[in-house]
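Labels below follow one simple rule: chain letters A, B, ... track the order of the sequence lines, proteins then strands, and each chain is numbered from 1.
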Amino acid sequence: MLDLKFIRENTEAVRKGIQQKRADDNIDAILALDNQRRTLIGEGEGLKAKRNEVSAKVGQMKKAGENADAVIEEMNTVKTRIQQLDEELKSVEEKLDELMLTVPNVPHPSVPVGATPDDNQSIFEWGEKPSAAGLKPHWDITSALGIIDFDRGSKVAGAGFPFYVGKAAILQRALINFFLDQAGERGYTELQAPIVVNKDSARGTGQIPDKEDMMYVATKDELYMIPTAEVPVTNFHRKETFEEKELPIRYAGYTPCFRREAGSYGKDVRGLNRLHQFDKVELVKFVHPSTSYDELESLRADAENLLQLLGLPYRVLLMCTGDMGFTQTKKYDLEVWAAGQQKWLEVSSCSNFETFQARRMNIKFKSKETGKQEFVHTLNGSGLALPRIVAAIIENNQTPDGKVNVPKVLQPYTRFAVIE
RNA sequence: GGAGAGGUGUCUGAGUGGUUGAAAGAGCCAGUCUCGAAAACUGGAAUAGUCGCAAGGCUAUCGAGGGUUCGAAUCCCUCCCUCUCCGCCA
């Protein structure tokens with residue numbers, strides 16, 4: 001959510017951002033409602049001031065033993081009017097809030113303007129793609145090796161909920177530990193979080209109201225199964241104010257993630273490419289506004305480092321305005337090369353939200369410079385999402401005789417070097 | 001799940017209808033004193049909205065949301081959370 005005052009004072013910049021992100025422009029309606037709102041506040045508060053003044057007088061009169069009936073009678077009409085105004089104000093503010101939620105965050109100037117994924121810029125590529133000859137997609141390999149059981153997963157839970165069996169299960173556990181250890185070395189505090197959250201938290205990171213269909217919901221208890229650790233970890237500091245010197249704060253959290261993926265079918269969903277439940281290590285930062293773009297670069301570097309250590313070829317995309325999402329000001333996607341499918345798979349998405357989330361969640365810091373409280377900037381990025389990494393490892397490291405070599409850095413964790 | 005107690009500012013903690021945005025103490029910031037510090041003394045300090053060029057004014061906020069009243073931290077209702085005891089349990 002943006003700041004009303006910011007919209008009022010930077011109307012044109014906000015409008016430009018809306019166009020670039022191809023969102024609906026409700027700015028005129030917002031400004032009109034804001035005017036109404038302020039008129040109502042003006043009248044209402046004037047009357048409240050009067051009420052407070054007269055009430056104090058009534059108290060004094062009663063103390064002095066005088067009769068205050070006439071004044072009280074007069075206040076009754078004021079009271080009614082105040083109630084009316086408050087009701088009108090409430091309805092205006094409800095409409096206003098609704099529209100405010102439709103205003104996207106303003107893209108950073110360094111972000112390329114564009115409409116579709118084709119306008120994203122590939123800004124960096126690393127590693128050598130294995131030659132494609134004779135390489136199989138991971139689902140063929142895992143089924144031959146019997147290490148991922150999609151069928152039994154369907155029986156037990158449903159499509160998109162596989163079992164990892166034996167060495168695949170150990171490989172996953174190894175990756176989680178490897179990712180968390182790396183994050184720890186790079187200054188992130190490890191956090192083990194709830195994997196369900198309440199309504200306030202779901203609202204805080206913006207999953208509701210607009211993305212409610214993306215989540216599994218335990219309706220009986222009004223709990224939402226998290227689609228990413230970003231939700232509990234960012235909400236960790238909801239409604240808190242930091243000292244400036246505490247910033248930046250960095251967390252790494254491993255959680256299972258649950259996504260309904262309603263309406264997404266087709267060939268993209270084969271094997272491990274798209275699941276309803278998957279594991280992910282998420283990196284989250286709370287930082288001083290002056291450093292947030294440097295922090296975005298280092299966040300990206302932290303995620304890239306993992307891919308380099310694993311020896312997986314990848315590329316970095318700088319997302320264009322039209323494809324970057326509603327809440328971000330700037331976003332990089334990291335895509336790993338899956339040689340068996342001859343395809344790039346997104347494994348991390350590193351974003352700066354500036355104050356967009358912090359405002360919604362009321363996360364501030366006390367500025368030394370101004371003496372005031374200001375909103376922090378929040379960032380997050382995957383570090384990394386597991387299934388597609390597993391897919392890439394299997395496809396890129398497959399041997400002609402159908403085995404899979406485990407990357408060197410993982411072997412201390414897996415305690416085996418080959419999956420066979 | 002049953003029974004009880006409670007949620008007040010950074011913290012401890014007073015306050016049960018009328019100058020209470022809120023006592024007191026601690027902590028914090030600034031100043032005086034000091035070579036410096038401590039102690040002592042003096043002063044300052046909430047957040048948001050709104051009006052104003054500004055100084056400053058006004059409004060709201062005592063877990064959250066409603067209600068009663070001329071007036072609510074104080075009374076009523078709903079919800080949330082914490083603690084204690086009992087039961088159940090990985």
Between B:U10 and B:A22, how far is it from one P atom to the other, in whole Å?
15 Å
Euclidean distance for P, B:A54 against B:C35 (whole angstrom):
46 Å
Tell which nucleotide pairs with B:A73, taking only Watson-Crick or G-U wobble pairs whose two distances are both under 3.5 angstrom.
none
Using both distances under 3.5 Å as the test, list the Watson-Crick or G-U wobble partner of B:C83, or none.
B:G4
Reckon A:V58 touches a base, only the sugar-phosphate, or nothing at all at heavy-atom distances under 4.0 Å?
base
Could you go through residues 152-171 of chain A and list every donor-acceptor pair under 3.5 Å that involves a side-chain atom there, pairing it with any protein atom two or more places apart or in another chain?
residue, atom, partner, partner atom, Å
A:R152, NH1, A:D149, OD2, 2.7
A:S154, OG, A:F150, O, 3.1
A:K167, NZ, A:V418, O, 3.3

Give A:K62 one of three labels, base, sugar-phosphate or nothing, depending on what nucleic acid heavy atoms sit under 4.0 Å from its own.
base
C1' atom, B:A73 versus B:U84: distance in rounded Å?
26 Å
Geometric class of the A:H237/A:F242 ring pair [parallel <30°, tilted 30-60°, perpendicular >60°]
perpendicular
Would you mind checking if A:K199 and A:E212 are paired as a salt bridge, meaning a charged N to carboxylate O distance below 4.0 Å?
no
What is the base-pairing partner of B:U20, counting Watson-Crick and G-U wobble geometry with both distances under 3.5 Å?
none
Base paired to B:G9 (Watson-Crick or G-U; both N/O distances under 3.5 angstrom)
none
Quick one: side chains of residues 223-233 of chain A, donor-acceptor pairs under 3.5 Å with protein atoms, not counting sequence neighbours, listed by atom name and distance.
residue, atom, partner, partner atom, Å
A:T228, OG1, A:E230, N, 3.0
A:T228, OG1, A:K280, NZ, 2.8
A:E230, OE1, A:N380, ND2, 3.4
A:E230, OE2, A:Q357, NE2, 2.9
A:E230, OE2, A:N380, ND2, 3.3

May I ask you to say whether A:E374 pairs ionically with A:K366, meaning some side-chain N is under 4.0 Å from a carboxylate O?
no
Want to settle it: does A:K48 or A:N76 sit nearer the 5' end of RNA chain B, counting the closest nucleotide to each?
A:K48
Between B:G63 and B:G7, how many Å separate the two P atoms, rounded to a whole number?
8 Å
Mind checking the P distance from B:G43 to B:A23? Whole angstroms is fine.
15 Å
When rounded to the nearest Å, what value does the distance between C1' atoms of B:C83 and B:G44 take?
37 Å
Is the closest basic N to carboxylate O distance between A:E304 and A:R300 below 4.0 Å?
yes
Determine, for A:D86 against A:K48, whether the closest basic-nitrogen to carboxylate-oxygen distance falls under 4.0 angstrom.
yes
Write down the partner of B:C41 under the Watson-Crick or G-U wobble criteria, each distance required to be under 3.5 Å.
B:G31
Tell me whether A:R250 is salt-bridged to A:E295, with the criterion being a basic N under 4.0 Å from an acidic carboxylate O.
yes
Base partner of B:A46, which must satisfy Watson-Crick or wobble distances under 3.5 Å
B:U61
Counting the atoms with a prime plus P, OP1 and OP2 as sugar-phosphate, which does A:Q60 contact under 4.0 Å by heavy atoms, base, sugar-phosphate, or nothing?
nothing
Select base, sugar-phosphate, or nothing to describe what A:K239 touches, counting heavy atoms under 4.0 Å on all strands.
nothing
If we take the P atom in both B:C51 and B:C62, what is their distance in whole Å?
24 Å
With sugar-phosphate meaning primed atoms plus P, OP1 and OP2, does A:A49 contact a base, only sugar-phosphate, or nothing at under 4.0 Å between heavy atoms?
sugar-phosphate
Tell me the partner of B:G56, counting only Watson-Crick (N1-N3 plus N6-O4 or O6-N4) or G-U wobble (N1-O2 and O6-N3) with both under 3.5 Å; none if nothing fits.
B:C51
Which residue lies toward the 5' end of RNA chain B, A:E73 or A:K364, if each is placed at its nearest nucleotide?
A:K364
Which two nucleotides bound the region of RNA chain B that has atoms under 4.0 Å from heavy atoms of chain A, read 5' to 3'?
B:G18 to B:G71
Students often get this wrong, so: under 4.0 angstrom with heavy atoms, is A:R81 touching a base, only sugar-phosphate, or nothing?
nothing
Separation between the P atoms of B:G31 and B:A37, rounded to whole Å:
10 Å
